[in-house]
Amino acid sequence: MTVIEGQSACQGTSGDAENATKNSQNDEARARINVGWMTTPNDVIENLDTRVVEFSTALGKFQYSFVGYPIGGVVRSFWKYSRNEEPPLINLPDMQLQNHLWETYFSGQVSSWIDCDSKDEHLARLSEEELLKELNYVCYLGLRTIIVELKHVKSPRLASVLNRWVWTKHANFTIWVFVPTSVQTIGGELEDVWSVWADFRSQCANYCSLKLQVGIHITSDLDDEFTDKKFVDRWKAEPVGAMIIDSDAFITDPVTGVATLSQPHAVAIRGIWMNDSIRLLIRDVGSLSKHSNTLKMEYARAARNTVKDVSWIRSKAECSDYPDTNIDYTDILQAPLQPLADNLDSCVYNTFEQDPIKYQKYKEAVELALRDFGESSAHPNSVVVYVLGAGRGPLVSACYEAESAYNEKYRAKKDRLKIKMFVVEKNTNAVVTLRYMNVKAWKERARIVESDMRSLPQKSIELGLDQPDIIVSELLGSFGDNELSPECLDGVTPFLKPTTISIPQKYTSYAAPIMSLNMYQTILSTSPNFWNRGICGHGRDGPELTSRGSFLQRYPQGSDVSNLDQIYVVYLRQFCPLALPKEVFSFEHPNFENVSNDRKALIEFDIDRPADIMGFAGYFDMVLYKDVMLSILPSTYSKGMISWFPAVIPLRDLLRVSNGDKIRFLIERKSDEHGVWYEWCVERQGANGEKEQTPLQNQNGQSYYMRQ
Ligand SMILES: C[S@@+](CC[C@H](N)C(=O)[O-])C[C@H]1O[C@@H](n2cnc3c(N)ncnc32)[C@H](O)[C@@H]1O
């Protein structure tokens, strides 16, 4: 048997006609979903450790695409520990397979007797030493993944060995740390399996989830946390790399021989399945499959069948909210725009303008406002409309469309209501487009005013501008006021009539606590590379000229802290919301009373499960006019709208919470003459009344400052 044959065998060939038919039906799922076979003592035949090609070839025939195999060989792995004996040496010769075949088809199992946290100190010590040998051998073989099964609820010594390893070695493999679906299996009672994993990864300082992942071992017993969706959803916030399914979780029809997973097991697996890169491993816990190759094949088929459509169904559901959104945006951090401080480019405006919902809703709102104006005004044939912050002009077009729709419905031909249009924009580049649009699309009916809207009260005197009846603007970010809409619109207020209608009339931000290890790690790892160190960050201080003549953005608080003290925009996918969003700040326009835009909110959430809070998802909704609304809140989402993804407001560290805790999110909106910033922290109150407070973030706008 050559290695080349081994490779083709691992990919699988059908044995007989019946199998060939089944295989063809499952070809597509087979290519996409990797199912492996976990080697157990049942598989041991003579000299298996030097016959792995034969072993994997046979598994390939039964539709397995990889194999979990002991790192040191089966003789060593299934050795029975005895204080008076040395464990068998590692003896899995590399020459049996070409290197790339080890990488692709083999996942290394740590020897089953290794137990670094055993109460037997001799075994614990021996295990620490021998585990290191196995980790070294994994590197030698070039395996890409290893399987470590937790044997206890708390495994500090195992964590310590792995933690030192992952942080200090150049290792090119991923560790799957397996936890079982019943905590009793590892000697626990009241503990929660998710907490067992979360404690373990915390002991590894939450190491990068490309290299340290959780595996779920699906045993025949499922604790409640694997059947209740609320608890299961937490795994969406964790890096699940693999699942082991015990053979006794399958039900086999005695007549047809067809295997399926029991309903609760299938539901749990589907609930955890985030994407098709998760690997499945079947473990024979009886000895049935030893004698029945058909059954072996059935397990692989049934496992694939269980998950093959989950990702597709999920992405279809997501697409119904964001129909034209490129899925590549998921979980990617974006810096919130600052259209007041920066000039947006044509491409960004073009992206805004693809939104099929936003401008339609503005058109409806303007039409409704025209109707109210038409009924109440003393001069009902002319209405002065200002579009403030017009960009390339889509809201101007929406206003003209609203004018036509209103006249069509409510006015006779000779009695048309005409908009006298003023278009205000401070981005001198976008003004080029506005002038062009005025000629090409608006029949030169609009007057383009290149100006910061806050100068309008002054400019109106110089230029003799009419006072507005309606002002239309869209200056909102993912967290509502974070593009400084309140400051911009307040700047216009002295120029308004007491009757001026503002579209929008009101907007409100919301926040909900979320879990997401991925988001936390992604934020931590976004420090700029050498050449980008002079690019202006979002903090209060700008870049400085260094002695070598280059520029450098300094972060007095350190770049890790600075990364976590920012607000981001993210199309969130690998996350779990822990409560429904609650209101944070509201703003109403026109703000004739000149109410301050500084705000302070204390929002309390009840926690109903153990979790690690990484921060808050931020949303907003806005009342454009009367009942015409736009919203990015999940419960009232304006379906099809693509202009805004949620905001993410991180905490500096993951905050562990328990069922029955209360958390209080304290967030302040502060300002000075140059800009606006948020400061935030969280107080956790445990069920027994004990309190802890997280550090105050972004103090004085050090890391995230919105210039005005
Ligand atoms: C979010 S964009 C919206 C553009 C356009 N109205 C649309 O809906 O596609 C906000 C626009 O307001 C402009 N803007 C922001 N603050 C402004 C200010 N104080 N005065 C004038 N224009 C401003 C920006 O340059 C940008 O073009």
Side-chain angles (χ1 to χ4, degrees), residues 334-366 385-402 421-435 437-438 441-442 446-460 465 468 470-495 502-504 507 569 589 591 597 620 622 624 630 632 638 641-645 647 671 674-676 706-708:
Q334 294 176 272
L337 295 173
Q338 296 206 18
L340 177 56
D342 307 327
N343 277 336
L344 303 182
D345 62 46
S346 174
C347 202
V348 172
Y349 286 122
N350 186 53
T351 309
F352 292 156
E353 290 160 20
Q354 307 311 311
D355 197 308
I357 304 300
K358 177 179 126 180
Y359 302 105
Q360 175 60 29
K361 286 285 170 192
Y362 265 90
K363 181 188 142 194
E364 284 172 31
V366 174
V385 175
Y386 276 68
V387 174
L388 302 172
R392 303 199 308 181
L395 290 180
V396 180
S397 302
C399 289
Y400 284 130
E401 283 169 29
M421 176 72 79
F422 293 85
V423 178
V424 182
E425 174 56 57
K426 61 99 200 168
N427 179 349
T428 182
N429 307 311
V431 169
V432 175
T433 312
L434 289 171
R435 289 206 192 99
M437 289 294 288
N438 199 21
W442 307 324
R447 179 159 175 192
I448 314 292
V449 183
E450 180 182 337
S451 169
D452 187 310
M453 65 182 82
R454 294 168 298 176
S455 309
L456 274 184
Q458 180 59 34
K459 275 232 156 126
S460 64
L465 305 178
I470 301 174
I471 54 171
V472 183
S473 68
E474 188 285 276
L475 303 159
L476 296 191
S478 295
F479 197 48
D481 58 87
N482 65 300
E483 289 182 10
L484 307 193
S485 179
E487 283 69 22
C488 291
L489 293 180
D490 279 5
V492 185
T493 309
F495 172 53
S502 171
I503 296 174
Y507 37 88
V569 172
H589 298 287
N591 176 15
N597 293 319
F620 76 91
M622 65 172 150
L624 287 173
L630 282 177
I632 66 162
S638 302
M641 189 165 69
I642 55 171
S643 289
W644 294 274
F645 296 145
S671 62
H674 300 298
V676 177
M706 300 165 278
R707 283 183 185 78
Q708 55 171 327

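Both ligands and their constituent atoms are indexed starting at 1 by order of listing. None of these values were measured; they are calculated from a predicted model.
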Between E425 and N427 (side chain of the first, backbone of the second, donor and acceptor by atom type, cut-off under 3.5 Å), is there such a pair?
yes
Interfacing atoms of ligand 1 (cut-off 4.0 Å, heavy-atom, C488):
16 (N), 19 (N)
Nearest protein heavy-atom contact for atom 16 (N) of ligand 1: which residue, which atom, what distance?
L340 CD1, 3.6 Å
Please identify which of these residues, L456, V472, V449, meets the side-chain contact (heavy atoms from CB on, under 4.5 Å) condition with Y386.
L456
If you measure every N/O of G389 against every N/O of ligand 1, is any gap under 3.5 Å?
yes
What protein heavy atom sits nearest atom 7 (C) of ligand 1, and how far away is it?
Y359 OH, 3.4 Å
Logged contact type for L476 with ligand 1, heavy-atom cut-off 4.0 Å, is neither
Polar side-chain atom of D355 near backbone of S643 as donor-acceptor pair, under 3.5 Å:
yes
Please check if the number of heavy atoms outside K426 that lie under 6.0 Å from its NZ is greater than 12.
yes
Relative to ligand 1, is S451 under 4.0 angstrom through side chain, backbone, both or neither, heavy atoms considered?
backbone
Residue, atom and distance of the protein heavy atom nearest atom 19 (N) of ligand 1 read D452 OD1, 3.0 Å
Give me the ring orientation class for Y507 and H589: parallel if the planes are under 30° apart, tilted from 30 to 60°, perpendicular past 60°.
tilted
When rounded to the nearest 0.5 angstrom, what distance separates CD1 in I642 from CH2 in W644?
11.0 Å
Tell me the protein heavy atom at minimum distance from atom 23 (C) of ligand 1, and give that distance in Å.
K426 CG, 3.4 Å
What distance separates L475 CG from C488 SG, expressed to the nearest 0.5 Å?
5.5 Å
If you have a sec, work out which protein heavy atom is nearest atom 2 (S) of ligand 1 and how many Å separate them, to one decimal?
F352 CE1, 3.8 Å
Backbone of S473 reached by a side-chain donor or acceptor of Y362 within 3.5 Å:
yes
Ligand 1 contacted by K358 (non-hydrogen, < 4.0 Å):
yes
CG of N438 to OG1 of T433: how many Å apart, nearest 0.5 Å?
12.5 Å
Heavy-atom proximity to atom 20 (N) of ligand 1, best of Q338, E474, E425, M453
M453
Looking at Y349, which atoms of ligand 1 are within less than 4.0 Å of one of its heavy atoms?
25 (O), 26 (C), 27 (O)
Interatomic distance, OG@S502 vs CG@L624, rounded to 0.5 Å, equals 9.5 Å
Looking at atom 15 (C) of ligand 1, what's its closest protein heavy atom, distance included?
L475 CD2, 3.7 Å
Y362 to ligand 1, any heavy atom closer than 4.0 Å:
no
With only distance considered, is N427 within less than 3.5 Å of ligand 1 through an N or O on each side?
no
At under 4.0 Å between heavy atoms, what of L395 touches ligand 1? The answer is side chain
Keeping the roles fixed (side chain from D345, backbone from V348), state whether a donor-acceptor pair exists under 3.5 Å.
yes
Using heavy atoms and a threshold below 4.0 Å, how should the contact between A390 and ligand 1 be classified: side chain, backbone, both, or neither?
backbone
Answer yes or no for E353: is there a heavy-atom contact with ligand 1 below 4.0 Å?
no
